[in-house]
Amino acid sequence: IFFRRRIGLANVVLFHIFKEGMMKKYLLLALIILAAGCGSKPAEEKEQSNSGKYIGEGMAYLKQSDFQKAIQSFDNAIKENPRDPNNYMTLAQVYLRIKNYPSAVDTLSAAIKIDPTNGEAFYLLAASSVLNGDPGRGLIAAEKSAQIFMKNKDEEKLKRSLILVKTIQEKVKSVKQ
């Protein structure tokens, strides 16, 4: 599924982009979109009411690069099932893809209010915040994602989060200098 790819090498590349001086925001964006969804269970497994139908429609619109209709479909999924943080995370990833970072941050913040133990939401919020020009907020969110993954004993996701924490720390350090 489009948004459920594993992060793997993406965070290592992300680290090098920041280390080498933040080449281009769009490169970071591409990595985040490819890496998004640190491996959670697909929303279809928990499909409730019609939100799955709207998610399917939204995915079809994404394949056609019709982002406005995709956003509308994902908004409908949220309206249909506002307690499913995966609906918000899917919408946020579309906002990331179209470089609407403020909306991505807002949408991920809503997902976290619904499920404050969702490490993936914090991970995406960290990346979105950095892209939105707020590495301080990004660092806080990245550290929280690492704490959640550590508590859940998910070593793979923890490693990815720690790489993101280190990357953002270096970014914050270089901005202060």
Under the criterion side-chain contact (heavy atoms from CB on, under 4.5 Å), I'd like the reasoning laid out for Arg97 against Leu62: C-alpha separation, chi angles, the key distance, then a yes or no. CA-CA 10 Å; Arg97 187 168 178 190; Leu62 282 177; 4.2 Å; yes
I'd like to know if the side chain of Asp84 reaches the main chain of Asn86, judged simply by a donor and an acceptor atom lying under 3.5 Å from each other, with no hydrogens or angles considered. yes
Identify the two heavy atoms, one from Leu164 and one from Ala126, that lie closest to each other, and give their separation to 0.1 Å. CD2-CB, 3.8 Å
Looking only at non-hydrogen atoms, find the nearest pair between Asn81 and Asn87 and report the distance. O-ND2, 3.3 Å
Shared hydrophobic cluster for Val172 and Val165 (ILVMFWY, side-chain gaps under 4.5 Å): yes
Got a list of side-chain donor-acceptor pairs under 3.5 Å for residues 141-148, not counting sequence neighbours?
unit_1, atom_1, unit_2, atom_2, d
Ser145, OG, Ala142, O, 2.8
Ser145, OG, Ser161, OG, 2.9

Out of curiosity, Phe149 CZ to Phe122 CZ, how far, rounded to the nearest 0.5 Å? 10.5 Å
In this structure, CE of Met89 is separated from CG of Leu96 (nearest 0.5 Å) by 11.0 Å
Grab the two heavy atoms, one from Tyr54 and one from Glu80, that are nearest each other, plus how far apart they are. CE1-OE1, 4.0 Å
Hydrophobic cluster membership, with links at side-chain heavy-atom distances under 4.5 Å among I/L/V/M/F/W/Y: are Phe67 and Met59 in one? yes
State, yes or no, whether a side-chain contact exists between Met150 and Glu155 at a heavy-atom distance under 4.5 Å. no
Name all pairs fulfilling the side-chain hydrogen bond (donor to acceptor under 3.5 Å, both in side chains) condition that reach into residues 56-66, sequence neighbours left out, sorted by first residue then second. none
Has the side chain of Asn152 got a donor or acceptor atom that lies under 3.5 Å from a matching backbone atom of Asp154? no
For a quick test of your reading: what N or O donor-acceptor pairs under 3.5 Å do the side chains of residues 69-78 make, sequence neighbours left out?
unit_1, atom_1, unit_2, atom_2, d
Ser73, OG, Lys69, O, 3.2
Asn76, ND2, Gln72, O, 3.4

Is there side-chain contact between Tyr95 and Ser128, with at least one heavy-atom pair below 4.5 Å? no
Is the closest side-chain heavy-atom distance between Val130 and Asp134 below 4.5 Å? no
Is it the case that one hydrophobic cluster holds both Ile55 and Ile98, taking links as side-chain heavy atoms less than 4.5 Å apart, direct or via other members? yes
Could you tabulate the donor-acceptor pairs under 3.5 Å formed by side-chain atoms of residues 102-115, not counting sequence neighbours?
unit_1, atom_1, unit_2, atom_2, d
Ser103, OG, Asn100, OD1, 3.0
Ser103, OG, Asn100, ND2, 3.2
Thr107, OG1, Ser103, O, 2.7
Ser109, OG, Val105, O, 2.9
Ser109, OG, Arg137, NH2, 2.7
Asp115, OD1, Thr117, N, 3.1
Asp115, OD1, Thr117, OG1, 2.6

